[in-house]
Amino acid sequence: MPTTPQTVPLPERASLEQLKKRAKDLQRAVRSQQPTALALVARHAPESRDPLVEFSLDTAQLVIARLHGFPSWPRLRQHLAARPGAPGDRPRSATRKVEDFYRLRTGWASAADVRRCAAAATRAHPDPADWQPLLTARRNGVRVIAFGSPGGVVFAELTPKRVTLSQPAVGASAGEGASVTFHTECGTIAGVVAPEVGSLVVERPADRRPLGWTVVADGVFVAPNAFLVDPTGLVLRTNGSPKGELVPVAALPARAIAVVDRPAPAVEDPAPATEDLTAVLAAADAPPIVDPEQWRPGAQADLTPHERVRLGRYGKLLVWHTTGDRASTEDPFVFDFTPQEGPVRDFTVVGKNVAATRMYYDFADGASGTIAVVGLVEDAHIVSVVLRRDGMPDLAARIAGGTFLIAGPDLTDLPQRGPVTAVLVARDHSGNVREELPYQQED
(Lines give C-alpha, C1' and ligand atoms only; values in the text may rest on other atoms or scores of the structure.)
Protein backbone atom coordinates (compact mmCIF):
# COMPACT_ATOMS: atom_id res chain seq x y z
CA MET A 1 0.00 0.00 0.00
CA PRO A 2 1.48 3.40 -0.90
CA THR A 3 2.35 5.67 1.99
CA THR A 4 2.03 9.43 2.27
CA PRO A 5 5.48 11.06 2.14
CA GLN A 6 6.50 12.76 5.36
CA THR A 7 6.37 16.55 5.24
CA VAL A 8 8.50 19.23 6.90
CA PRO A 9 7.00 22.29 8.62
CA LEU A 10 7.76 25.68 7.10
CA PRO A 11 10.24 27.80 9.05
CA GLU A 12 8.64 30.42 11.29
CA ARG A 13 9.58 33.20 8.87
CA ALA A 14 9.78 31.49 5.52
CA SER A 15 9.59 33.81 2.52
CA LEU A 16 8.66 33.22 -1.10
CA GLU A 17 12.10 34.33 -2.28
CA GLN A 18 13.80 31.80 0.00
CA LEU A 19 11.63 28.98 -1.30
CA LYS A 20 12.15 30.03 -4.93
CA LYS A 21 15.90 29.80 -4.37
CA ARG A 22 15.53 26.35 -2.84
CA ALA A 23 13.55 25.22 -5.88
CA LYS A 24 16.29 26.49 -8.20
CA ASP A 25 18.92 24.72 -6.10
CA LEU A 26 16.87 21.51 -6.30
CA GLN A 27 16.58 21.89 -10.08
CA ARG A 28 20.37 22.15 -10.41
CA ALA A 29 20.90 19.22 -8.03
CA VAL A 30 18.54 16.96 -9.99
CA ARG A 31 20.16 17.88 -13.30
CA SER A 32 23.50 16.97 -11.67
CA GLN A 33 21.92 13.65 -10.59
CA GLN A 34 22.67 14.13 -6.89
CA PRO A 35 21.17 11.12 -5.06
CA THR A 36 19.52 13.13 -2.27
CA ALA A 37 17.76 15.38 -4.76
CA LEU A 38 16.63 12.44 -6.88
CA ALA A 39 15.21 10.72 -3.79
CA LEU A 40 13.32 13.88 -2.85
CA VAL A 41 11.69 14.02 -6.29
CA ALA A 42 10.85 10.32 -6.16
CA ARG A 43 9.05 10.80 -2.82
CA HIS A 44 7.14 13.98 -3.58
CA ALA A 45 6.63 13.98 -7.35
CA PRO A 46 6.75 10.33 -8.49
CA GLU A 47 4.58 11.20 -11.48
CA SER A 48 7.30 13.44 -12.92
CA ARG A 49 8.45 12.40 -16.38
CA ASP A 50 10.98 15.21 -16.89
CA PRO A 51 14.29 13.97 -18.32
CA LEU A 52 16.94 14.62 -15.70
CA VAL A 53 18.91 17.01 -17.91
CA GLU A 54 15.70 18.99 -18.57
CA PHE A 55 14.25 18.84 -15.05
CA SER A 56 11.94 21.87 -14.93
CA LEU A 57 11.68 24.63 -12.37
CA ASP A 58 7.91 24.05 -12.21
CA THR A 59 8.47 20.47 -11.07
CA ALA A 60 11.12 21.59 -8.57
CA GLN A 61 8.66 24.08 -7.11
CA LEU A 62 6.02 21.34 -6.88
CA VAL A 63 8.45 19.16 -4.92
CA ILE A 64 9.25 22.00 -2.49
CA ALA A 65 5.53 22.69 -1.99
CA ARG A 66 4.72 19.03 -1.30
CA LEU A 67 7.73 18.71 0.99
CA HIS A 68 6.09 21.35 3.19
CA GLY A 69 2.62 19.79 3.03
CA PHE A 70 1.02 21.82 0.22
CA PRO A 71 -0.53 20.15 -2.84
CA SER A 72 0.88 22.69 -5.28
CA TRP A 73 3.20 25.68 -5.61
CA PRO A 74 0.27 28.14 -6.02
CA ARG A 75 -1.24 26.89 -2.74
CA LEU A 76 2.09 27.44 -1.00
CA ARG A 77 2.28 30.95 -2.44
CA GLN A 78 -1.25 31.70 -1.24
CA HIS A 79 -0.33 30.53 2.26
CA LEU A 80 2.73 32.79 2.40
CA ALA A 81 0.83 35.79 1.03
CA ALA A 82 -1.93 35.39 3.61
CA ARG A 83 0.29 35.35 6.70
CA PRO A 84 0.72 38.44 8.88
CA GLY A 85 3.78 40.30 7.66
CA ALA A 86 3.40 39.10 4.08
CA PRO A 87 2.52 41.29 1.09
CA GLY A 88 -0.78 41.04 -0.73
CA ASP A 89 -4.34 40.93 0.46
CA ARG A 90 -5.37 40.96 4.11
CA PRO A 91 -4.95 37.58 5.83
CA ARG A 92 -7.77 35.19 4.99
CA SER A 93 -10.04 33.49 7.47
CA ALA A 94 -8.32 30.12 6.94
CA THR A 95 -5.00 31.50 8.11
CA ARG A 96 -3.85 33.34 11.17
CA LYS A 97 -5.45 36.77 11.41
CA VAL A 98 -3.32 39.77 12.17
CA GLU A 99 -5.67 40.61 15.04
CA ASP A 100 -4.87 37.25 16.63
CA PHE A 101 -1.15 37.56 15.90
CA TYR A 102 -1.06 40.80 17.89
CA ARG A 103 -3.54 39.53 20.53
CA LEU A 104 -5.79 42.48 19.79
CA ARG A 105 -8.49 43.63 22.21
CA THR A 106 -10.62 46.58 21.11
CA GLY A 107 -12.15 49.12 23.48
CA TRP A 108 -10.08 47.80 26.39
CA ALA A 109 -6.89 48.31 28.37
CA SER A 110 -5.97 46.78 31.70
CA ALA A 111 -6.49 48.99 34.75
CA ALA A 112 -2.84 48.55 35.75
CA ASP A 113 -1.64 49.70 32.33
CA VAL A 114 -3.98 52.72 32.38
CA ARG A 115 -2.55 53.75 35.76
CA ARG A 116 1.01 53.46 34.46
CA CYS A 117 0.17 55.57 31.41
CA ALA A 118 -1.55 58.23 33.49
CA ALA A 119 1.45 58.44 35.80
CA ALA A 120 3.77 58.95 32.82
CA ALA A 121 1.67 61.74 31.28
CA THR A 122 3.08 65.28 31.25
CA ARG A 123 1.52 68.72 31.08
CA ALA A 124 1.68 68.48 27.29
CA HIS A 125 -0.87 65.65 27.37
CA PRO A 126 -4.64 65.95 27.78
CA ASP A 127 -5.96 65.03 31.22
CA PRO A 128 -5.54 61.22 31.49
CA ALA A 129 -8.92 61.06 33.23
CA ASP A 130 -10.45 61.78 29.81
CA TRP A 131 -8.54 59.07 27.93
CA GLN A 132 -10.62 56.22 26.51
CA PRO A 133 -8.91 53.01 25.31
CA LEU A 134 -9.50 52.25 21.63
CA LEU A 135 -7.43 49.07 21.49
CA THR A 136 -4.61 47.10 23.06
CA ALA A 137 -2.17 45.04 20.96
CA ARG A 138 0.94 43.20 22.03
CA ARG A 139 3.93 41.32 20.73
CA ASN A 140 7.10 39.91 22.28
CA GLY A 141 6.54 41.51 25.69
CA VAL A 142 5.54 44.91 24.25
CA ARG A 143 1.99 46.18 24.82
CA VAL A 144 0.63 49.12 22.83
CA ILE A 145 -2.53 51.02 23.75
CA ALA A 146 -4.30 53.60 21.60
CA PHE A 147 -6.32 56.10 23.62
CA GLY A 148 -8.90 58.53 22.34
CA SER A 149 -8.81 61.90 24.08
CA PRO A 150 -10.22 65.42 23.62
CA GLY A 151 -6.86 66.48 22.22
CA GLY A 152 -6.54 63.58 19.78
CA VAL A 153 -5.17 60.04 19.76
CA VAL A 154 -2.49 59.20 22.34
CA PHE A 155 -0.40 56.05 21.90
CA ALA A 156 1.30 54.27 24.79
CA GLU A 157 3.91 51.53 24.66
CA LEU A 158 4.55 49.49 27.80
CA THR A 159 7.19 46.93 28.68
CA PRO A 160 7.64 45.34 32.11
CA LYS A 161 10.08 48.18 32.87
CA ARG A 162 9.22 51.20 30.69
CA VAL A 163 6.36 53.41 29.46
CA THR A 164 6.53 55.50 26.29
CA LEU A 165 3.83 58.01 25.35
CA SER A 166 3.13 59.87 22.12
CA GLN A 167 1.93 63.42 21.80
CA PRO A 168 -1.79 63.66 20.91
CA ALA A 169 -2.53 63.45 17.17
CA VAL A 170 -5.62 64.57 15.29
CA GLY A 171 -7.33 61.81 13.31
CA ALA A 172 -7.03 61.56 9.51
CA SER A 173 -9.82 62.76 7.25
CA ALA A 174 -11.07 61.02 4.12
CA GLY A 175 -8.45 60.96 1.38
CA GLU A 176 -5.51 61.60 3.73
CA GLY A 177 -4.31 57.97 3.81
CA ALA A 178 -2.07 57.03 6.74
CA SER A 179 0.18 59.17 8.91
CA VAL A 180 2.83 57.95 11.38
CA THR A 181 2.60 59.81 14.68
CA PHE A 182 4.55 57.48 17.00
CA HIS A 183 7.64 55.28 16.85
CA THR A 184 9.80 53.96 19.68
CA GLU A 185 13.06 52.33 20.68
CA CYS A 186 11.18 49.02 20.95
CA GLY A 187 10.24 49.27 17.28
CA THR A 188 6.56 50.11 17.67
CA ILE A 189 5.15 52.15 14.78
CA ALA A 190 1.67 53.68 15.05
CA GLY A 191 -0.46 56.49 13.70
CA VAL A 192 -3.80 57.55 12.28
CA VAL A 193 -5.58 56.40 9.12
CA ALA A 194 -8.37 57.75 6.95
CA PRO A 195 -11.69 55.86 6.78
CA GLU A 196 -10.84 54.27 3.40
CA VAL A 197 -7.74 52.50 4.78
CA GLY A 198 -8.59 48.92 5.70
CA SER A 199 -5.11 47.40 5.90
CA LEU A 200 -1.58 48.75 6.12
CA VAL A 201 1.95 47.37 5.93
CA VAL A 202 5.05 49.25 7.09
CA GLU A 203 8.51 48.45 5.77
CA ARG A 204 11.99 49.86 5.34
CA PRO A 205 12.89 51.36 1.95
CA ALA A 206 16.12 49.34 1.81
CA ASP A 207 14.46 46.10 2.90
CA ARG A 208 11.48 45.22 0.74
CA ARG A 209 10.31 42.48 3.08
CA PRO A 210 7.25 43.77 4.90
CA LEU A 211 8.27 43.59 8.54
CA GLY A 212 4.76 43.43 9.90
CA TRP A 213 1.12 43.94 9.24
CA THR A 214 -0.44 46.65 11.30
CA VAL A 215 -3.67 46.42 13.24
CA VAL A 216 -6.13 48.93 11.76
CA ALA A 217 -9.18 49.87 13.85
CA ASP A 218 -11.09 52.94 14.99
CA GLY A 219 -9.09 55.31 12.80
CA VAL A 220 -5.65 54.21 14.05
CA PHE A 221 -2.99 51.69 13.11
CA VAL A 222 -0.49 49.92 15.34
CA ALA A 223 2.50 47.67 14.60
CA PRO A 224 3.87 46.60 18.00
CA ASN A 225 7.59 45.75 18.17
CA ALA A 226 8.12 45.92 14.40
CA PHE A 227 11.51 47.54 13.68
CA LEU A 228 13.59 50.62 14.46
CA VAL A 229 13.00 53.52 12.09
CA ASP A 230 16.36 54.47 10.56
CA PRO A 231 17.52 57.44 8.43
CA THR A 232 16.06 55.88 5.27
CA GLY A 233 12.53 56.54 6.56
CA LEU A 234 9.51 54.31 5.99
CA VAL A 235 7.35 52.88 3.26
CA LEU A 236 3.59 52.62 3.88
CA ARG A 237 1.47 50.32 1.71
CA THR A 238 -2.28 50.55 2.13
CA ASN A 239 -5.04 48.12 1.17
CA GLY A 240 -2.68 45.56 -0.38
CA SER A 241 -1.19 48.01 -2.89
CA PRO A 242 2.05 46.80 -4.52
CA LYS A 243 3.27 50.41 -4.55
CA GLY A 244 4.00 52.15 -1.29
CA GLU A 245 4.38 55.71 -0.12
CA LEU A 246 7.91 56.65 0.88
CA VAL A 247 7.92 58.75 4.05
CA PRO A 248 11.32 60.42 4.61
CA VAL A 249 12.60 60.44 8.16
CA ALA A 250 12.40 64.25 8.21
CA ALA A 251 8.61 63.97 7.83
CA LEU A 252 8.29 61.67 10.85
CA PRO A 253 8.04 62.71 14.49
CA ALA A 254 11.13 62.22 16.61
CA ARG A 255 11.49 58.84 18.27
CA ALA A 256 9.48 58.91 21.50
CA ILE A 257 11.46 58.73 24.72
CA ALA A 258 10.71 55.98 27.24
CA VAL A 259 10.32 56.54 30.97
CA VAL A 260 11.53 53.86 33.37
CA ASP A 261 8.63 53.57 35.81
CA ARG A 262 9.41 50.12 37.20
CA PRO A 263 13.15 49.98 37.88
CA ALA A 264 14.41 46.41 37.98
CA PRO A 265 16.58 45.14 40.85
CA ALA A 266 20.27 45.55 40.20
CA VAL A 267 22.06 42.46 38.89
CA GLU A 268 24.56 41.22 41.43
CA ASP A 269 27.93 40.15 40.04
CA PRO A 270 26.81 39.80 36.42
CA ALA A 271 28.50 36.85 34.75
CA PRO A 272 30.20 37.27 31.36
CA ALA A 273 27.42 35.19 29.81
CA THR A 274 24.86 37.74 31.01
CA GLU A 275 26.82 40.68 29.64
CA ASP A 276 27.35 38.91 26.31
CA LEU A 277 23.66 38.05 25.95
CA THR A 278 22.69 41.63 26.80
CA ALA A 279 24.97 42.96 24.06
CA VAL A 280 23.51 40.59 21.47
CA LEU A 281 19.93 41.46 22.37
CA ALA A 282 20.62 45.19 22.52
CA ALA A 283 21.97 45.09 18.95
CA ALA A 284 18.79 43.56 17.49
CA ASP A 285 16.62 46.01 15.56
CA ALA A 286 14.11 44.08 13.44
CA PRO A 287 12.47 43.61 15.82
CA PRO A 288 14.26 45.13 18.81
CA ILE A 289 14.34 43.00 21.95
CA VAL A 290 12.34 44.31 24.90
CA ASP A 291 14.38 45.47 27.94
CA PRO A 292 17.58 43.70 26.77
CA GLU A 293 19.41 44.31 30.04
CA GLN A 294 16.81 42.28 31.97
CA TRP A 295 17.27 38.92 30.24
CA ARG A 296 19.04 36.07 31.97
CA PRO A 297 21.14 33.53 30.08
CA GLY A 298 19.79 30.00 29.82
CA ALA A 299 20.77 26.68 28.31
CA GLN A 300 23.24 26.50 25.44
CA ALA A 301 24.56 23.73 23.22
CA ASP A 302 26.33 22.84 19.99
CA LEU A 303 23.55 21.84 17.61
CA THR A 304 25.89 20.81 14.79
CA PRO A 305 29.65 21.01 14.26
CA HIS A 306 29.00 24.41 12.67
CA GLU A 307 26.21 25.92 14.77
CA ARG A 308 25.70 26.81 18.42
CA VAL A 309 22.60 28.07 20.22
CA ARG A 310 22.04 29.82 23.51
CA LEU A 311 18.76 30.61 25.20
CA GLY A 312 17.66 33.50 27.39
CA ARG A 313 14.60 34.24 29.47
CA TYR A 314 12.59 37.27 30.62
CA GLY A 315 9.36 36.38 32.40
CA LYS A 316 7.26 34.34 29.95
CA LEU A 317 9.52 35.27 27.02
CA LEU A 318 12.12 32.89 25.61
CA VAL A 319 14.83 33.99 23.19
CA TRP A 320 17.24 31.90 21.15
CA HIS A 321 20.35 33.10 19.41
CA THR A 322 22.38 30.91 17.06
CA THR A 323 25.90 31.43 15.80
CA GLY A 324 27.86 29.64 13.11
CA ASP A 325 27.88 29.00 9.37
CA ARG A 326 24.29 27.70 9.25
CA ALA A 327 22.63 30.15 11.67
CA SER A 328 19.36 31.82 10.76
CA THR A 329 19.47 35.41 9.56
CA GLU A 330 16.22 35.97 11.51
CA ASP A 331 18.02 35.99 14.82
CA PRO A 332 17.72 36.42 17.77
CA PHE A 333 14.17 35.11 17.88
CA VAL A 334 11.70 35.74 20.72
CA PHE A 335 8.88 33.38 21.62
CA ASP A 336 6.05 34.55 23.88
CA PHE A 337 4.46 31.85 26.05
CA THR A 338 1.52 34.00 27.15
CA PRO A 339 -1.86 32.72 25.87
CA GLN A 340 -2.44 32.97 22.12
CA GLU A 341 -5.68 33.87 20.38
CA GLY A 342 -7.49 32.46 17.36
CA PRO A 343 -7.67 29.06 15.67
CA VAL A 344 -4.19 29.28 14.09
CA ARG A 345 -1.36 29.52 16.62
CA ASP A 346 2.35 29.00 17.03
CA PHE A 347 3.21 25.47 18.09
CA THR A 348 3.30 25.36 21.87
CA VAL A 349 2.62 22.96 24.73
CA VAL A 350 2.09 24.53 28.15
CA GLY A 351 1.80 22.76 31.47
CA LYS A 352 1.94 23.82 35.10
CA ASN A 353 5.70 23.42 35.49
CA VAL A 354 7.12 23.43 31.96
CA ALA A 355 6.25 24.99 28.61
CA ALA A 356 7.74 24.06 25.25
CA THR A 357 7.90 25.03 21.61
CA ARG A 358 10.21 24.20 18.71
CA MET A 359 13.08 26.10 17.12
CA TYR A 360 14.57 25.56 13.67
CA TYR A 361 18.28 25.33 12.97
CA ASP A 362 20.80 24.08 10.40
CA PHE A 363 19.55 26.55 7.80
CA ALA A 364 20.44 26.09 4.14
CA ASP A 365 19.39 28.63 1.53
CA GLY A 366 17.37 30.50 4.13
CA ALA A 367 15.16 27.57 5.16
CA SER A 368 15.31 24.66 7.57
CA GLY A 369 13.39 21.56 8.49
CA THR A 370 15.56 20.59 11.48
CA ILE A 371 14.11 21.31 14.91
CA ALA A 372 15.01 21.29 18.57
CA VAL A 373 12.60 21.41 21.51
CA VAL A 374 13.05 24.48 23.72
CA GLY A 375 11.09 25.88 26.60
CA LEU A 376 10.72 27.28 30.11
CA VAL A 377 11.00 25.59 33.49
CA GLU A 378 8.67 27.24 36.01
CA ASP A 379 9.41 25.08 39.08
CA ALA A 380 12.81 25.54 40.74
CA HIS A 381 12.62 21.97 42.10
CA ILE A 382 12.80 20.51 38.59
CA VAL A 383 16.31 19.33 37.75
CA SER A 384 15.66 17.13 34.72
CA VAL A 385 13.41 17.21 31.68
CA VAL A 386 13.31 14.23 29.33
CA LEU A 387 11.54 13.73 26.02
CA ARG A 388 10.16 10.19 26.13
CA ARG A 389 9.30 8.76 22.68
CA ASP A 390 7.57 5.57 21.64
CA GLY A 391 10.08 2.99 20.42
CA MET A 392 13.04 5.37 20.61
CA PRO A 393 15.63 6.34 23.24
CA ASP A 394 14.77 9.12 25.67
CA LEU A 395 16.39 12.50 25.04
CA ALA A 396 17.53 14.51 28.07
CA ALA A 397 17.36 18.29 28.16
CA ARG A 398 20.03 20.80 29.08
CA ILE A 399 18.58 23.01 31.82
CA ALA A 400 19.86 26.43 32.87
CA GLY A 401 18.43 29.78 33.87
CA GLY A 402 14.83 28.57 33.88
CA THR A 403 15.11 27.28 30.29
CA PHE A 404 15.66 23.90 28.67
CA LEU A 405 16.88 22.62 25.32
CA ILE A 406 16.51 19.19 23.71
CA ALA A 407 18.29 18.45 20.46
CA GLY A 408 18.74 15.14 18.75
CA PRO A 409 18.01 13.07 15.66
CA ASP A 410 14.48 12.48 14.38
CA LEU A 411 12.81 15.31 16.31
CA THR A 412 11.56 16.79 13.05
CA ASP A 413 9.36 13.73 12.50
CA LEU A 414 7.49 13.97 15.81
CA PRO A 415 3.74 14.33 15.09
CA GLN A 416 2.09 17.40 16.56
CA ARG A 417 -1.47 16.12 16.32
CA GLY A 418 -3.21 12.76 16.52
CA PRO A 419 -2.09 9.97 18.85
CA VAL A 420 0.47 11.07 21.42
CA THR A 421 3.87 9.51 20.64
CA ALA A 422 6.11 11.72 22.79
CA VAL A 423 5.86 13.10 26.34
CA LEU A 424 7.95 15.64 28.23
CA VAL A 425 8.72 14.29 31.69
CA ALA A 426 9.97 16.68 34.41
CA ARG A 427 11.53 15.33 37.62
CA ASP A 428 12.86 16.79 40.86
CA HIS A 429 16.07 16.03 42.82
CA SER A 430 14.58 12.84 44.25
CA GLY A 431 13.55 11.54 40.85
CA ASN A 432 9.88 12.18 41.49
CA VAL A 433 7.83 13.08 38.43
CA ARG A 434 6.58 16.66 38.79
CA GLU A 435 4.82 16.71 35.44
CA GLU A 436 4.19 14.68 32.30
CA LEU A 437 3.25 16.87 29.36
CA PRO A 438 2.19 15.42 25.98
CA TYR A 439 4.25 16.87 23.13
CA GLN A 440 1.23 17.84 21.09
CA GLN A 441 -0.25 21.06 19.73
CA GLU A 442 -3.10 22.42 21.86
CA ASP A 443 -6.38 22.93 19.98
Side-chain angles (χ1 to χ4, degrees), residues 82-93 95-111 113-114 117 126 130-140 142-158 164-184 186-203 210-227 234 236-241 244-245 247 253 256 287 336 338-345:
R83 297 193 309 177
D89 296 332
R90 192 175 182 85
R92 296 159 175 79
S93 59
T95 63
R96 192 175 193 182
K97 295 181 178 180
V98 65
E99 293 85 357
D100 296 333
F101 181 74
Y102 289 134
R103 296 163 164 87
L104 176 68
R105 294 188 66 176
T106 57
W108 178 89
S110 75
D113 284 350
V114 171
C117 294
D130 297 326
W131 296 5
Q132 296 297 321
L134 302 175
L135 61 83
T136 297
R138 54 195 177 98
R139 182 189 182 208
N140 294 344
V142 173
R143 295 187 305 285
V144 180
I145 305 171
F147 292 100
S149 81
V153 178
V154 176
F155 293 100
E157 178 194 77
L158 300 96
T164 310
L165 296 180
S166 76
Q167 295 302 311
V170 178
S173 301
E176 292 184 344
S179 178
V180 176
T181 64
F182 183 56
H183 63 99
T184 73
C186 278
T188 292
I189 301 169
V192 294
V193 293
E196 67 270 13
V197 176
S199 66
L200 175 69
V201 169
V202 293
E203 60 188 21
L211 295 176
W213 281 92
T214 67
V215 172
V216 178
D218 290 324
V220 302
F221 74 87
V222 172
N225 190 224
F227 58 91
L234 288 173
L236 305 179
R237 291 196 294 109
T238 59
N239 299 330
S241 172
E245 175 194 358
V247 183
D336 186 351
T338 58
Q340 302 177 57
E341 306 293 337
V344 182
R345 310 172 190 177

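Since the model is a prediction, treat every value here as computed from it, not as a measurement.
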**Request:** Show your working on side-chain contact (heavy atoms from CB on, under 4.5 Å) between Phe221 and Val192 and close with a plain yes or no.
**Result:** CA-CA 6 Å; Phe221 74 87; Val192 294; over 6 Å; no
**Prompt:** Is any side-chain N of the basic residue among Glu157 and Arg143 closer than 4.0 Å to the acidic one's carboxylate O?
**Reply:** no
**Asked** Is any side-chain heavy atom of Pro339 closer than 4.5 Å to a side-chain heavy atom of Arg103?
**Response** no
**Request:** Let me see the working for Leu158 and Val142 under side-chain contact (heavy atoms from CB on, under 4.5 Å), right down to the final yes or no.
**Result:** CA-CA 6 Å; Leu158 300 96; Val142 173; over 6 Å; no
**Message:** As a quick check of understanding, evaluate side chain to side chain donor-acceptor pair (under 3.5 Å) for Thr338 and Asp336, giving each step before the final call.
**Reply:** CA-CA 6 Å; Thr338 58; Asp336 186 351; 2.7 Å; yes
**Request:** Kindly indicate whether the side chain of Thr238, heavy atoms from C-beta on, has any atom under 4.5 Å from the side chain of Ser199.
**Result:** no
**Prompt:** If we only count heavy atoms from C-beta on, is the Tyr102 to Val222 side-chain gap below 4.5 Å?
**Reply:** no
**Asked** So do the side chains of Phe182 and Thr164 get within less than 4.5 Å of each other, counting heavy atoms only?
**Response** yes
**Message:** Given 3.5 Å as the limit, does a donor-acceptor pair link the side chain of Thr188 with the main chain of Pro224, or not?
**Reply:** no
**Fill in**
One should read off an interatomic distance between Arg138 CZ and Phe101 CZ, to the nearest 0.5 angstrom, of 12.5 Å
**Request:** Could you tell me the separation between the CH2 atom of Trp213 and the NZ atom of Lys97, rounded to the nearest 0.5 Å?
**Result:** 14.0 Å
**Message:** For Trp108, run the side-chain contact (heavy atoms from CB on, under 4.5 Å) check against Ile145, Asp113, Thr136 and tell me which one passes.
**Reply:** Thr136
**Gap between atom CG of Leu134 and atom OG of Ser149 - 0.5 Å precision** = 9.5 Å
**Asked** What is the distance from atom OG1 of Thr106 to atom CG of Leu135, rounded to the nearest 0.5 Å?
**Response** 7.5 Å
**Message:** Pair Phe227, Leu234 - check side-chain contact (heavy atoms from CB on, under 4.5 Å), show working.
**Reply:** CA-CA 10 Å; Phe227 58 91; Leu234 288 173; 3.5 Å; yes
**Asked** Do Phe147 and Val114 come within less than 4.5 Å of each other through their side chains, counting heavy atoms only?
**Response** yes
**Prompt:** Knowing that exactly one of Ile189, Val201, Leu200 qualifies, which makes a side-chain contact (heavy atoms from CB on, under 4.5 Å) with Thr214?
**Reply:** Leu200
